Asker: 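Handing you this structure, nothing more for now.
As the structure is a prediction and not an experimental result, all values here were calculated from the model.
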Amino acid sequence: MRYRYTKYTGDLLDQIDLEDLVSKLSDLLLSSGFSNPWGDPSSGDEDRTMQALHDAILEALFSDGVLSEEALQQLLGEPADGDQEKARQQLEDLIQQIIDKMMEQGFVTSAPDLEREREHRRGTGGGVGEDAGPVKFEVTDKALDFLGYRALRDLLGSIGRSSAGRHDTRHLSTGVEAIAAPKPYEFGDTMNLDPSSTILNAVQRLHAEGRAVGGGLSTSDPGQAPIIDVDYPDLMVAQSDYQSSCASVIMLDCSHSMILYGEDRFTPAKRVALALAHLIRTQYPGDSLHAVLFHDSAEEIPLKQLGRVRVGPYYTNTREGLRLARRILERQKKDMRQIVMITDGKPSALTRPDGQIYKNAFGLDPFIVSETFAEVSACQKAGIMINTFMLARDPDLVAFVRRVAAICRGKAYFTTPYTLGQYVLMDYMDRKTKTIH
């Protein structure tokens, strides 16, 4: 009896880290319309088709190191084999298995065909023809939350931080971690008693009252420790750093310029917003974060919808975005309130009192700029700091951002889409008071 032994190769799908692959597909899953900047944002879902997902996975398999060299050799076979059709079919099967696994684990889901459903309910629906259109997919909340976690981990790793604390201040409070001398307990303090100081106060008080042997330090059994009567004035509590809470509104510019001029600036901004949301939820549970989009007008959106926002053919109504953010923050009872504004352009639109929108994209319109500065002053009077992250370097824009920072005593960062996340997270965690230009 003869046996033939071959090397065990296993299943290629088991060799793929699905979470790592989803992270590498973040540009597709968080796309903002950069692939078709002149298309209609309401119907431009060319990058939400199964074919686009197929192509992105194919590129990741070969160019992003998802598969090892041995796995690629196993998939494609030896060059001398010459069976290209078999290798192509194996590759297509593997990509389909990956898509199925992404759906099974809840990262993507099939988009419902609403038009076909309407036809079916009207009784006019038929089979799927050649002109039925491409099959689309939708990104799930689980995928967006995971991408926010990965973005936060990558950004914190790039600036040399492995963990984040709370917002430290120069003030002291009563807390769990003692770092200063204890203080007498006052109503409202955290009951984190300092045992040694409390007992010492009780003993000193009893000695002063003449009860050092009899009354206060009495024992019923010579073998037991003496009983010390602790009174309210004896209580001492430990002090720790006072850690403040912060309410933030992240303002995202979704005007057309964010995806024009050969650079996608909006997708990195969304990635940073997701990372900031994950950071606040996990490391700063006492803080709050809201998201505001500003374009021709301004609107507040739920944080879970951030990853699905797309850029449109809009102007930049900075004043309306600041006004909405100020109204949101005025309802928050926090120690610190701030606006994180991410933009790449000058104010080019303004909402009139009658609701009409005045637009002027040519230069810095004095009327628009003056009204925007007036809203910045209103934020300053309300105790709201504005931190601006400018993704462009035009001299007029630089002067405008510097003026905004000077009025509200905020900070101005002139950065790029590649370093935006590091600046935003460092600013949020450090809470520096120095204005940086």
Asker: Set out, in order, the CA-CA distance, both residues' side-chain angles and the distance that settles salt bridge (charged side-chain N to carboxylate O under 4.0 Å, His left out) for E371 and R319, then state yes or no.
Answerer: CA-CA 7 Å; E371 291 295 322; R319 198 274 295 265; 3.2 Å; yes
Asker: What's the shortest heavy-atom distance between M103 and T109, and which atoms?
Answerer: CE-C, 4.5 Å
Asker: Please examine the side chains of S348 and K359, heavy atoms only from C-beta on, and report whether any two atoms are closer than 4.5 Å.
Answerer: no
Asker: May I ask you to decide if D296's main-chain N or O and N317's side chain share a donor-acceptor pair within less than 3.5 Å?
Answerer: yes
Asker: What pairs with D365 under salt bridge (charged side-chain N to carboxylate O under 4.0 Å, His left out), at least two apart in sequence or on another chain?
Answerer: none
Asker: Check the pair L193 / M236 against side chain to side chain contact (heavy atoms under 4.5 Å, CB included), numbers first and verdict last.
Answerer: CA-CA 6 Å; L193 292 178; M236 300 288 288; over 6 Å; no
Asker: Is there a side-chain contact between T140 and D145, using heavy atoms and a 4.5 Å cut-off?
Answerer: no
Asker: Should the pair K142 and F107 be classed as cation-pi, given the thresholds of under 6.0 Å to the six-membered ring centre and 45° from the axis?
Answerer: yes
Asker: Holding to ring pair (Phe, Tyr, Trp, His ring centres under 6.0 Å), I want the full list of residues that pass it with H290, two or more places apart in sequence or in another chain.
Answerer: none
Asker: Do H54 and E92 have side-chain N/O donor and acceptor atoms under 3.5 Å apart?
Answerer: yes
Asker: Could you check whether any side-chain heavy atom of M390 comes within less than 4.5 Å of a side-chain heavy atom of T343, counting everything from C-beta outward?
Answerer: yes
Asker: If we ignore hydrogens and angles and just use 3.5 Å, is the side chain of R326 paired with the main-chain N or O of Q380 as donor and acceptor?
Answerer: no
Asker: Measuring from atom OG1 of T267 to atom CE of M258, what distance do you get when rounded to the nearest 0.5 angstrom?
Answerer: 9.0 Å
Asker: Any side-chain to backbone donor/acceptor pair from R337 onto L329? Under 3.5 Å, distance only.
Answerer: yes
Asker: Do the side chains of D17 and L21 get nearer than 4.5 Å, heavy atoms only?
Answerer: no
Asker: Any non-hydrogen side-chain atom of I250 less than 4.5 Å from a side-chain atom of I342?
Answerer: yes
Asker: Specify the closest pair of heavy atoms between L28 and L53, including all atoms of both residues, with the distance to one decimal.
Answerer: CD2-CA, 3.7 Å
Asker: What distance separates E138 CD from S110 OG, expressed to the nearest 0.5 Å?
Answerer: 9.0 Å
Asker: Check whether the ring centres of H278 and Y149 lie less than 6.0 Å apart, and answer yes or no.
Answerer: yes
Asker: Does any donor atom in the side chain of T316 or S255 lie under 3.5 Å from an acceptor atom in the other side chain?
Answerer: yes
Asker: As a quick check of understanding, evaluate side chain to side chain contact (heavy atoms under 4.5 Å, CB included) for E19 and R150, giving each step before the final call.
Answerer: CA-CA 9 Å; E19 292 186 348; R150 275 300 180 101; 3.9 Å; yes
Asker: Within the side chain of T388, is there an N or O that forms a donor-acceptor pair under 3.5 Å with the backbone of M341?
Answerer: no
Asker: If you count heavy atoms of other groups shown closer than 6.0 angstrom to NZ of K304, is the number above 12?
Answerer: no
Asker: Measuring from L364:CG to L397:CG, what's the distance to the nearest 0.5 Å?
Answerer: 6.5 Å
Asker: Side-chain donor-acceptor pair under 3.5 Å between D93 and Q97, yes or no?
Answerer: no
Asker: Is there a side-chain contact between L252 and V309 (heavy atoms, below 4.5 Å)?
Answerer: no
Asker: So does F373 get a backbone contact from the side chain of S377, meaning a donor-acceptor N/O pair under 3.5 Å?
Answerer: yes
Asker: Looking only at non-hydrogen atoms, find the nearest pair between A349 and I357 and report the distance.
Answerer: CB-CG2, 4.1 Å
Asker: At their closest point, which heavy atom of G321 faces which heavy atom of V292, and how far apart are they?
Answerer: O-CG1, 4.2 Å
Asker: Could you tell me whether the side chain of N201 and the main chain of T198 form a donor-acceptor pair under 3.5 Å?
Answerer: no
Asker: For the residue pair R271 and L147, establish whether any side-chain heavy-atom pair is separated by less than 4.5 Å.
Answerer: no
Asker: Going by ring-ring contact (aromatic ring centres under 6.0 Å, His included), name the pairs with one or both residues in residues 337-357, residues two or more places apart or in two chains.
Answerer: none
Asker: State the CZ-CD1 distance between R323 and I328, to the nearest 0.5 angstrom.
Answerer: 13.5 Å
Asker: Run the ring pair (Phe, Tyr, Trp, His ring centres under 6.0 Å) test against F367 and tell me which residues pass, sequence neighbours left out.
Answerer: Y358
Asker: Where do F362 and K346 come nearest, in terms of heavy atoms and distance?
Answerer: C-CE, 4.4 Å
Asker: Using atom types as modelled and distance alone, determine if a side-chain donor or acceptor of S26 lies under 3.5 Å from a backbone N or O of S23.
Answerer: yes
Asker: Under the rule for ring pair (Phe, Tyr, Trp, His ring centres under 6.0 Å), what residues qualify as partners of F294, not counting sequence neighbours?
Answerer: none
Asker: Could you please spell out the steps behind the side chain to side chain contact (heavy atoms under 4.5 Å, CB included) verdict for I16 and L61?
Answerer: CA-CA 9 Å; I16 297 177; L61 290 177; 4.1 Å; yes
Asker: Is it the case that the side chain of D231 and the backbone of D234 share a donor-acceptor pair, with hydrogens and angles ignored and the cut-off at 3.5 Å?
Answerer: no
Asker: Would you tell me whether D287 and S248 have side-chain atoms, one donor and one acceptor, within less than 3.5 Å of each other?
Answerer: no
Asker: C408 and V376: which non-hydrogen atoms are nearest, and at how many Å?
Answerer: CB-CG1, 4.2 Å
Asker: With heavy-atom distances below 4.5 Å as the criterion, would you say the side chains of M385 and I339 are in contact?
Answerer: no
Asker: Apply ring pair (Phe, Tyr, Trp, His ring centres under 6.0 Å) to F389 and list each qualifying residue two or more places apart in sequence or on a separate chain.
Answerer: Y413
